[in-house]
Amino acid sequence: MAKLYFYFASMNAGKSSTLLQTAFNYGEQGMRVSLWTAAIDDRPGFGAISSRIGLASDARRFDGETDIESHVVEEHAEKPIGCVLLDEAQFLTKAQVWQLARLADAHGIPVLCYGLRTDFQGELFPGSAALLGIADALVELKAVCHCGRKATMNLRVDEAGKAVKEGAQTEIGGNDRYLALCRKHFSEALAG
């Protein structure tokens, strides 16, 4: 029976590289995968899933209006898909999470979603909240804080490296804008 998986973490935990390794493993077995990433990300490599360690692959892009289920069902009818792999799952809508659940439940296609659990204020992203609520399996990928403890928080910083306490939930950026920290150091940075 196919399942809906949610691999979640803070920044710098290797979510994209783990996804790309999974895609490679399916390919090695002669199985086709459907790769997806968020259209909101306009950094270099836009339209591709890429990792900081240099792995990359083209992917379909989704936004809040994309009917992922119908696209995958259409692809699957042309040639069977062994797995759907979706990066930046935090940007899914609740309706899209249910579409992905139907791909597993009604169409028998495993779906593996990778994304952040919380934003820079420690709040759940809507897509992550929906996945945490209905996914068959939850897998935490671990990042490490500078102190060596498990990093569970994403601190947004400004150009000077100072903690940002307010703003839009989504601001695209990498190591230049976000730091993965343990809760203790996240709280200290926001208090400072």
Side-chain angles (χ1 to χ4, degrees), residues 4-25 33 35-59 61-62 83-92 97 111-132 135 137-192:
L4 172 62
Y5 297 84
F6 182 32
Y7 292 79
F8 64 92
S10 62
M11 300 286 290
N12 303 324
K15 293 175 301 299
S16 297
S17 58
T18 301
L19 180 154
L20 292 168
Q21 180 64 50
T22 301
F24 176 82
N25 292 345
V33 296
L35 296 172
W36 291 81
T37 192
I40 193 170
D41 192 341
D42 60 358
R43 292 177 291 174
F46 180 63
I49 297 171
S50 59
S51 69
R52 290 180 314 285
I53 62 171
L55 302 174
S57 183
D58 289 336
R61 295 175 297 210
F62 71 88
C83 185
V84 173
L85 298 167
L86 189 137
D87 201 20
E88 305 294 351
Q90 69 270 15
F91 298 125
L92 291 165
V97 171
V111 179
L112 286 67
C113 299
Y114 297 77
L116 298 175
R117 180 178 60 178
T118 59
D119 66 14
F120 75 106
Q121 294 177 318
E123 299 293 327
L124 289 171
F125 282 98
S128 300
L131 283 162
L132 287 167
L138 303 172
V139 180
E140 183 177 17
L141 301 175
K142 294 175 180 64
V144 179
C145 180
H146 61 80
C147 70
R149 292 174 60 190
K150 180 173 79 169
T152 58
M153 309 302 288
N154 303 302
L155 180 72
R156 184 184 292 169
V157 295
D158 62 18
E159 295 78 19
K162 301 289 184 197
V164 174
K165 299 176 185 177
E166 296 180 347
Q169 184 178 45
T170 302
E171 183 175 310
I172 302 302
N175 292 344
D176 60 325
R177 298 293 300 173
Y178 293 93
L179 300 173
L181 298 176
C182 66
R183 186 179 56 243
K184 176 182 184 279
H185 286 109
F186 174 83
S187 297
E188 288 174 359
L190 288 179

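Hydrogens, waters and symmetry mates are skipped; everything else that's a heavy atom, side chains included, is used. For the single chain, residues carry numbers from 1 onward in sequence order.
How far CG of Leu141 is from CG of Asn12: 12.5 Å, rounded to the nearest 0.5 Å. Atom NZ of residue Lys150 and atom SG of residue Cys182 lie 11.0 Å apart, to the nearest 0.5 angstrom. Considering CZ of Arg156 and CE of Met11, their distance stands at 10.5 Å, rounded to 0.5 Å. To the nearest 0.5 angstrom, Cys113 atom SG is 10.5 Å from Gln90 atom CD. Note that OH of Tyr7 is 6.0 Å distant from OG1 of Thr22, once rounded to the nearest 0.5 Å. A distance of 9.0 Å separates CZ of Phe91 from OG1 of Thr37, quoted to the nearest 0.5 Å.
Of all the heavy atoms in Val164 and Val157, the pair that sits closest is CG2-C, 3.7 Å. The two atoms that bring Glu166 and Gln121 nearest to each other are CA-NE2, 3.7 Å, heavy atoms only. Minimum interatomic distance between Ala189 and Leu155 (heavy atoms only, all atoms of both residues): CB-CD2, 3.6 Å. Phe62 approaches Ala38 most closely through the heavy-atom pair CE2-N, 3.4 Å. For the residue pair Leu131 and Ala89, the shortest heavy atom distance occurs at CD1-CB, 3.7 Å.
Checking side-chain atoms of Ser128 against main-chain N and O of Leu124 turns up no donor-acceptor pair under 3.5 Å. Without hydrogens or angle criteria, Lys165 side chain to Leu190 main chain gives a donor-acceptor distance under 3.5 Å.
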Legend entry - side-chain contact (heavy atoms from CB on, under 4.5 Å) between Leu19 and Leu112, intermediate numbers included: CA-CA 8 Å; Leu19 180 154; Leu112 286 67; over 6 Å; no
Inset, instruction - Before giving the answer on side-chain contact (heavy atoms from CB on, under 4.5 Å), spell out for Ser10 and Thr152 the whole-Å C-alpha distance, their side-chain angles and the decisive distance to 0.1 Å. - result: CA-CA 5 Å; Ser10 62; Thr152 58; 5.7 Å; no
Inset, instruction - Applying side-chain contact (heavy atoms from CB on, under 4.5 Å), run through Glu140 and Phe8 and close with a yes or a no. - result: CA-CA 5 Å; Glu140 183 177 17; Phe8 64 92; 3.8 Å; yes
Inset, instruction - May I have the step-by-step check of side-chain contact (heavy atoms from CB on, under 4.5 Å) for Thr118 and Asn154, ending in yes or no? - result: CA-CA 7 Å; Thr118 59; Asn154 303 302; 4.1 Å; yes
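With sequence neighbours excluded, no residue forms a side-chain contact (heavy atoms from CB on, under 4.5 Å) with Ala191. In this structure Phe186 satisfies the ring-ring contact (aromatic ring centres under 6.0 Å, His included) test with no other residue, sequence neighbours excluded.
Using a 4.0 Å cut-off between charged side-chain N and carboxylate O, Glu123 and Arg117 make no salt bridge.
By the 4.5 Å heavy-atom criterion applied to side chains, Leu138 and Leu132 are counted as neighbours. Leu181 places none of its side-chain heavy atoms less than 4.5 Å from the side chain of Glu188.
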